[in-house]
Amino acid sequence: MSHTQIETRRIRDRKRVISLTQELVRIPSVYRPGVEGGNEEKAALYVAEYLKKLGIEVHVEEVEPGRPNVIGVIDSGKPGPTLLFEGHTDVVTEGDHGSWTYDPFGAEIVGDRMYGRGTNDTKGNLSCMITAVQSLLEDQEGWSGKILLCIPCDEEGMMIGIKHFIKQGWADAVDGAIICEPEENQVCIAQRGAMRVVLNAYGKMAHGAISWSGINPNWRMAKIIVELEKLEKREQERLGKHPTLGWPSITPTILQSPAKGDAQINVIPEQCMTTLDIRTVPGQDHDVLKEELQQILDRLAEDDPDFKADFTVIEDRPWTSTEKDEPVVTAISEAVRTVLKKEPVYNGVPGATDGTFLHVAGVPIVTIGAGDREVPHQINEYVDLDELAETTEIYRQAALNFLNS
């Protein structure tokens with residue numbers, strides 16, 4: 001392509017990605033159990049129809065009622081690797097509409113930014129990956145192998161969409177995956193792991209004025225939390241600060257006593273509940289951490305005959321790490337150099353993504369996309385229009401790099 005043709009294509013792709021982002025943001029896809037239309041279905045079906053009009057093979061698979069995955073398959077007809085692009089359709093709640101300066105589902109453009117829930121996380125990047133593939137098809141670029149578009153539901157929840165995608169066998173032949181999330185177009189090659197734990201301490205209900213007739217679970221939970229803080233400090237001293245992921249952490253989030261029923265100031269509750277948000281980095285073994293949690297409870301029970309507590313791990317997402325010389329990483333890195341005319345910035349994702357489970361399934365992953373890393377889930381969420389255009393071009397070039405390597 002000549003320089004003029006490249007610029008014409010970039011202008012075309014920029015208009016398309018902005019338009020598609022607006023259309024998707026204007027379709028609310030917050031998961032609201034029990035609310036009619038409170039799911040990803042309309043957004044997913046819009047994407048499915050959009051892909052079909054491009055001549056792409058499309059599969060719509062219902063994960064739960066009203067919560068479908070959309071899978072697009074683009075086969076070159078020539079043997080080669082399979083590249084996966086992943087971007088989810090769900091968004092988090094907008095919260096109080098009155099707190100927004102702009103309609104959270106208006107996709108309003110003000111200056112060089114678009115505002116609305118999902119502009120940043122991650123309907124903008126979903127639009128980038130679709131537009132990049134549309135550009136490749138329209139320009140009849142030569143490449144070998146396959147491109148899979150994975151557009152799942154429920155990334156913001158328990159990630160049932162990507163789990164279903166993997167269970168159905170879609171990830172089996174994937175050689176590399178680009179996870180399309182807001183990372184300021186930094187090349188993110190690591191992710192913190194996550195363990196979500198529910199801790200219960202048990203006691204005996206009694207009158208607060210006759211405390212000796214009961215067993216107070218709050219004292220027991222307080223001792224547990226103190227020991228958890230010590231465990232966090234030991235892990236931080238052992239591992240240090242990870243260069244891209246920061247510190248490992250153990251964070252008590254919800255503290256509820258009684259765990260069920262109404263609280264009353266003169267009543268010793270029967271049970272106290274705490275939830276833990278544990279974030280891990282390379283070098284931590286989740287099974288070992290579970291053992292250490294149990295050891296804390298066992299030690300406290302040795303000194304207190306009335307001590308009774310247990311915990312349940314309700315979600316376990318391992319940390320991930322991908323080497324810089326992995327083909328999908330080099331493909332993205334070279335694309336960043338080509339498009340942005342600078343060396344890539346390597347970083348890590350502070351939380352888990354759908355890529356976590358692709359990594360578990362044996363797929364090398366890299367996370368990159370448009371959007372300020374600190375803007376997701378905020379009031380007045382936004383994305384820069386120039387960044388949407390750059391990300392589209394990066395995805396396009398990365399696909400060519402990977403599939404023609």
Report the C-alpha distance between Gln22 and Met114 in whole Å, list the side-chain angles of each, state the deciding distance to 0.1 Å, and finish with yes or no for side chain to side chain contact (heavy atoms under 4.5 Å, CB included). CA-CA 8 Å; Gln22 284 187 303; Met114 185 191 302; 3.4 Å; yes
Donor-acceptor check, side chain of Thr322 to backbone of Ile365, threshold 3.5 angstrom: yes or no? yes
Exactly one of Val336, Val345, Thr330 clears side-chain contact (heavy atoms from CB on, under 4.5 Å) with Val187, and that residue is Val336
To the nearest 0.5 Å, how far apart are CD1 in Ile250 and CD in Glu292? 8.0 Å
Return the minimal non-hydrogen interatomic distance between Pro282 and Leu245, and the atom names on each side. CD-CD1, 3.6 Å
Would you say CE of Met205 has more than 12 non-hydrogen atoms from neighbouring residues, nucleotides or ligands within 6.0 angstrom? no
Which atoms form the tightest heavy-atom contact between Ile166 and Leu358, and what is the distance? CD1-N, 3.8 Å
Just checking, is any N or O donor in the side chain of Asn218 or Ser257 under 3.5 Å from an acceptor N or O on the other one? yes
4.5 Å side-chain heavy-atom contact, Glu156 and Asp121: yes
Is the side chain of Glu343 donor-acceptor paired with the backbone N or O of Arg337 at a distance under 3.5 Å, no angle test? no
Apply side chain to side chain contact (heavy atoms under 4.5 Å, CB included) to residues Ile147 and Leu136 and explain how you reach the verdict. CA-CA 11 Å; Ile147 298 175; Leu136 290 173; 4.1 Å; yes
Assess, by modelled atom type and distance only, whether the side chains of Tyr115 and Asp103 contain a donor and an acceptor separated by less than 3.5 Å. no
Do the side chains of Asp154 and His164 get nearer than 4.5 Å, heavy atoms only? no
Any pair with a residue in residues 386-405 that passes salt bridge (charged side-chain N to carboxylate O under 4.0 Å, His left out), sequence neighbours left out, goes on the list, sorted by first then second residue, please. Arg9-Glu393, Arg10-Glu393, Arg14-Asp386, Asp139-Arg396, Glu141-Arg396
Applying the side-chain contact (heavy atoms from CB on, under 4.5 Å) criterion to Lys290, which one of Val197, Val313, Ile278, Asp285 satisfies it? Val313
With side chains defined as the heavy atoms from C-beta onward, is the minimum distance between Asp372 and Glu184 less than 4.5 Å? yes
Are any of the side-chain nitrogens in Glu334 or Lys324 under 4.0 Å away from the carboxylate oxygens of its partner? no
Using only heavy-atom distances, determine whether the side chains of Ser29 and Lys123 contain a donor-acceptor pair under 3.5 Å. yes
With side chains defined as the heavy atoms from C-beta onward, is the minimum distance between Gln256 and Thr274 less than 4.5 Å? no
For the residue pair Ala201 and Arg220, what are the closest heavy atoms and their distance? CB-CB, 4.3 Å
Find the distance between CE (Met158) and CD1 (Ile314) and round it off to the nearest 0.5 Å. 5.5 Å
Has Lys204 got more than 12 heavy atoms of other residues, nucleotides or ligands less than 6.0 Å from its NZ? no
Side chains of Ser333 and Tyr346: donor-acceptor distance under 3.5 Å anywhere? yes
Non-neighbouring partners of Asn404 that pass side-chain hydrogen bond (donor to acceptor under 3.5 Å, both in side chains), sequence neighbours left out: none
Heavy-atom closest pair, residues Ala370 and Val383: CB-CG2, 4.2 Å
Is there a side chain to side chain contact (heavy atoms under 4.5 Å, CB included) between Val73 and Ile56 once you walk through the steps? CA-CA 6 Å; Val73 183; Ile56 294 173; 5.7 Å; no
Does atom CD of Glu270 have more than 12 heavy-atom neighbours from other groups under 6.0 Å away? no
Gap separating the CZ atom of Arg26 from the CD atom of Glu23, nearest 0.5 angstrom: 6.0 Å
With side chains defined as the heavy atoms from C-beta onward, is the minimum distance between Asp262 and Gln264 less than 4.5 Å? no
Compare all side-chain heavy atoms of Leu24 with those of Tyr50 and state whether any distance is below 4.5 angstrom. no
For Pro364 and Gly362, which heavy atoms make the closest approach, and how far apart are they? CD-O, 3.6 Å
May I ask you to decide if Val281's main-chain N or O and Gln284's side chain share a donor-acceptor pair within less than 3.5 Å? yes
Are Ile71 and Leu149 side-chain neighbours, meaning at least one heavy-atom pair lies under 4.5 Å? no
Between Leu84 and Phe165, is there a side-chain heavy-atom distance shorter than 4.5 Å? yes
Let me have the donor-acceptor pairs involving side chains of residues 170-182, under 3.5 Å, with sequence neighbours excluded, atom names and distances please.
unit_1, atom_1, unit_2, atom_2, d
Trp170, NE1, Glu61, OE1, 3.3
Trp170, NE1, Glu61, OE2, 3.1
Asp175, OD2, Thr82, N, 2.8
Glu181, OE2, His88, NE2, 3.2

Asp75 to Trp143 - nearest heavy-atom pair and separation: C-CH2, 4.4 Å
Might you work through the salt bridge (charged side-chain N to carboxylate O under 4.0 Å, His left out) test for Glu40 and Arg32, ending with a clear yes or no? CA-CA 10 Å; Glu40 302 93 336; Arg32 306 182 200 271; over 6 Å; no
When you check the gap from the basic side-chain N to the acidic O, do Arg67 and Glu41 get nearer than 4.0 Å? no
Quick check: are there more than 12 heavy atoms from other residues, nucleotides or ligands sitting under 6.0 Å from CD of Gln5? yes
Rounded to the nearest 0.5 Å, what separates atom CG in Leu388 from atom CZ in Arg113? 12.0 Å
Between atom CZ of Phe85 and atom CD1 of Ile74, what is the distance when rounded to the nearest 0.5 Å? 9.0 Å
Under a plain distance cut-off of 3.5 Å, with no hydrogens placed, do Thr392 and Asp13 share a side-chain donor-acceptor pair? no
Going by atom types alone, do Asn216 and Ser211 pair a side-chain donor with an acceptor below 3.5 Å? no
Enclosure of Glu374 CD (heavy-atom neighbours >12, cutoff 6.0 Å): no
Please determine whether the number of non-hydrogen atoms from other residues, nucleotides or ligands lying under 6.0 Å from atom CH2 of Trp219 exceeds 12. no
Output yes when Arg117 and Glu94 qualify as a salt bridge under the 4.0 Å nitrogen-oxygen rule, no when they do not. no
Between Arg12 and Glu7, is there a salt bridge with N-O shorter than 4.0 Å? no
Indicate yes or no: does Asp306 engage Lys308 in a salt bridge with an N to O separation below 4.0 Å. no
Check this for me, if you would: do Arg234 and Glu232 make a salt bridge, where the nitrogen-to-carboxylate-oxygen distance has to be below 4.0 angstrom? no
Take Arg196 and Asp316 through the test salt bridge (charged side-chain N to carboxylate O under 4.0 Å, His left out) and record every step on the way to the result. CA-CA 7 Å; Arg196 291 174 179 170; Asp316 191 343; over 6 Å; no
Spell out, as yes or no, whether a donor-acceptor pair under 3.5 Å connects the side chain of Thr320 to the backbone of Thr356. no
Tell me whether Glu302 is salt-bridged to Arg299, with the criterion being a basic N under 4.0 Å from an acidic carboxylate O. no
To the nearest 0.5 Å, atom CG of Asn125 lies from atom CD of Glu86 at 10.5 Å
